[in-house]
Amino acid sequence: MKFRGKIVDVACLNHFTRVITTVSRLTKTCVLRLTPDNLLFVLSGKVADGGVSMWCELSQANFFDEYQMEGVSSEDNEICLEVTPENLSRALKTVQNAKAVKVKLTKKHCPCLTIAAELPTLSSVSRVVTHDVPVDVIPRRLWHEFKEPSMPDFDVSVYLPPLKTMKNVVDRMKNLSNFLVMEANLSGEMNLKIETDLVSVTTHFKDLGNPPLRALEALVLDLVCLSSSSSLASTDLPPLPPGDDASQDGGPSQSRDPEAMAQARVDIRKLQQFLMGQQVNPSKAMCNIVHERVVHLILLHEDVSLQYFIPAVA
Amino acid sequence: CVCVCVYRPVLAKAIHSLSRIGDELYVEPQEDGLALRSVNSSRSAYACFLFAPLFFSRYTVPRGHTFRCKMAIKSVQAVFRSLASLEKTVEKCHIELDEQKNRLTFTLHCKHGLLKTHNLSFQDSESLQAVFDKDSYANVFRSNPRLLVDTVVLFPPSLEEVTVSVNDERMWVRNHVEEEDQSKAMLTELCLAADEFDHFAVQTHNSVTFCLKELRGLLVFAESVGLPISMYFDEPGSPVVLSVTDSVLEGNFVLATLSDDPNNRKNNSRRAHTPPPPPDDFMNDDIDAYLIAMDTSIAPGPSATGPPTTALAASTCSKQPAAANHRTRLHSEEEEEEAGGRGNG
């Protein structure tokens with residue numbers, strides 16, 4: 001099992017650091033899957049987390065100048081590690097002005113992801129800083145737990161309002177209630193509601209727009225054209241919703257009343273955590289709601305996609 | 001005692017950096033200058049700023065009479081609270097110690113004839129003087145404070161301890177992790193080349209581990225006044241001393257070091273070769289391992305009035321109390337015998 005990557009471009013390093021920092025704000029630990037083409041940060045919903053799941057995918061070619069890996073075996077050419085993204089984020093933040101940053105899988109006192117960088121100095125010799133971030137190797141038999149989540153058979157898909165605005169609203173609502181209802185319809189309307197014995201507050205968003213049917217695939221295709229990497233195969237796209245052919249024609253059924261709201265009641269802190277973590281405005285931000293089941297948030301940046309699933313509570 | 005000076009920000013900055021060490025400020029007007037000192041509660045960090053008489057436009061000390069006092073450092077900080085506005089408005093600073101009334105008066109002469117007078121009460125105190133001889137230490141370095149600031153910034157602000165290792169051409173700084181925490185802890189290490197320093201003289205390839213927290217006060221001070229920092233260290237167990245000097249001011253920060261660093265032995269292949277640990281093994285109890293010998297004779301008896309550098313090298317207090325007491329008693333006895341003189345070399 002080997003992994004060695006090198007980042008030399010300062011913008012790539014900066015972007016990479018920001019992605020990891022965003023992930024670190026969403027979860028304390030997660031799984032990092034290294035494949036020949038991608039890095040994936042995965043949090044698979046467990047009861048302990050209140051069932052939140054996260055899937056963050058980066059195309060390695062957009063960040064790394066050099067990238068070599070050898071997975072567990074030739075059939076399973078992948079490395080699966082449990083990491084604490086905050087440590088990675090901290091380490092990367094200290095080397096933003098480096099000439100080059102190497103990330104390697106090493107065995108020190110335990111398996112580590114080592115981040116090594118040469119920092120510029122006035123003298124003839126560079127300063128070398130190394131950060132050894134301990135990781136746990138995840139055995140192959142557990143890999144099935146970290147597969148890409150399938151797209152839920154959503155009832156409504158809507159573009160999100162500006163994340164900053166949403167965050168402001170949710171921050172204030174958090175003071176009043178622990179649970180928030182997110183609802184949206186196919187007419188581009190979304191409401192965020194809280195209701196307690198004393199007070200109920202609703203914030204209405206209009207004219208948000210709904211992603212076209214077969215939403216996600218279409219959008220990712222848009223982005224593929226924008227990004228410099230032109231060799232993405234269809235296998236690189238997130239899977240279409242499973243389910244029967246009727247819904248394959250376009251997630252929500254054609255006959256759904258455009259005014260009808262699909263809603264889900266979620267733990268407000270989970271939503272707040274998601275909104276707090278975002279550092280950069282995404283190119284596309286949307287939300288799929290499965291009525292009373294799950295809220296599926298999707299953020300697409302130029303070279304990173306982030307999906308976050310918040311289960312509904314009764 | 002009376003001191004008057006044209007107000008210089010370095011006075012306030014020194015006080016602020018002492019506040020990072022301990023809660024109390026020890027003030028001792030000496031013939032060779034005004035000494036301001038502080039020590040932390042576990043006695044593992046000590047700092048002293050000596051302002052020479054030339055720093056002041058007038059410096060009067062009652063002859064042949066030693067006087068020391070201590071007060072809450074927060075009260076003194078309150079006098080020099082806002083550095084930026086002080087610089088703009090204060091022209092002169094008048095410090096007066098009134099022994100009869102147990103009062104220390106700071107009078108700030110500000111623009112437009114404004115006088116701000118602060119009366120602080122103090123307590124008598126024992127002498128506070130760390131015993132160390134930095135000139136006898138094997139390893140000496142000097143650098144621009146920026147180098148150390150850039151080093152420290154690589155570590156998380158909460159980091160407690162660092163280990164510094166040297167060989168003839170390199171210095172490694174890494175975070176120190178207790179054995180129990182090793183499996184999960186992130187390890188950070190920086191390697192600095194000798195030519196990044198203004199002065200880099202190594203006689204023994206050593207590693208010392210000390211607390212980073214108290215050092216940060218000195219780094220902020222040195223960077224803001226633009227003075228180079230000199231670092232002296234010796235065997236593990238001997239304190240590490242960091243100094244800043246200019247013609248009228250000398251600041252010394254003395255930090256205790258772990259007397260036995262298990263990391264040294266484990267990482268020998270990566271690091272400079274380190275000498276075997278000293279015969280007494282202080283590993284088991286970290287608090288003890290961190291203590292440095294403090295000279296604590298009861299005031300107002302005769303004290304070593306000479307500058308600290310001429311005193312004996314420091315040693316750690318051991319788990320074997322007899323040995324420790326023997327050492328500390330030794331210093332005190334010597335003092336009683338030689339009134340106001342120096343200890344044995």
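Atoms considered below: every heavy atom in the structure, side chains included; atoms not considered: hydrogens, waters and symmetry mates. Protein chains get the first letters and strands the later ones, always in sequence-line order, with residue 1 at the start of each. In this text, all values refer to a predicted model and were calculated from it rather than measured experimentally.
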For atom NZ of A:K164, decide whether the heavy atoms of other residues, nucleotides or ligands shown that lie under 6.0 angstrom number more than 12.
no
Do B:C191 and A:R127 come within less than 4.5 Å of each other through their side chains, counting heavy atoms only?
no
For A:K93 and B:V153, what are the C-alpha separation, side-chain angles and deciding distance, and is it a side chain to side chain contact (heavy atoms under 4.5 Å, CB included)?
CA-CA 10 Å; A:K93 281 184 188 163; B:V153 86; over 6 Å; no
With rounding to the nearest 0.5 angstrom, report the CZ to NE2 distance, B:F155 to A:H131.
8.0 Å
What's the spacing between B:M186 CE and A:I115 CD1 if we round to 0.5 Å?
7.0 Å
What residues form a side chain to side chain contact (heavy atoms under 4.5 Å, CB included) with A:T29, not counting sequence neighbours?
A:E82, A:T84
Side chain to side chain contact (heavy atoms under 4.5 Å, CB included) with B:V149: which residues, sequence neighbours excluded?
B:R146, B:L219, B:E223
Taking atom CG as the centre, does B:D23 end up with more than 12 heavy-atom neighbours from other residues, nucleotides or ligands that are less than 6.0 angstrom away?
no
Residue selection (most heavy-atom pairs with chain B, distance under 4.5 Å) from A:V135, A:V133, A:T121:
A:T121
Quickly, which of B:T151, B:L154, B:V173, B:D150 forms a side-chain contact (heavy atoms from CB on, under 4.5 Å) with A:V129? Name it, please.
B:L154
Choice from A:D136, A:V128, A:L119 maximising heavy atom contacts with chain B below 4.5 Å:
A:V128
Is it the case that atom CZ in A:R18 sees more than 12 heavy atoms from other parts of the structure closer than 6.0 Å?
yes
Shortest non-hydrogen contact from A:P134 to B:A185?
CG-O, 3.1 Å
Determine, step by step, whether B:L187 and A:H109 satisfy the side chain to side chain contact (heavy atoms under 4.5 Å, CB included) criterion, reporting the C-alpha distance in whole Å, the side-chain angles of both residues, the deciding distance to 0.1 Å, and the verdict.
CA-CA 10 Å; B:L187 291 181; A:H109 50 286; 3.4 Å; yes
Tell me, yes or no, whether the heavy-atom count around B:K13 atom NZ, taken from other residues, nucleotides or ligands under 6.0 Å, exceeds 12.
yes
Which bit of A:A117 is near chain B, if near means a heavy-atom gap under 4.5 Å: side chain, backbone, both or neither?
neither
Does atom NZ of A:K147 have more than 12 heavy-atom neighbours from other groups under 6.0 Å away?
yes
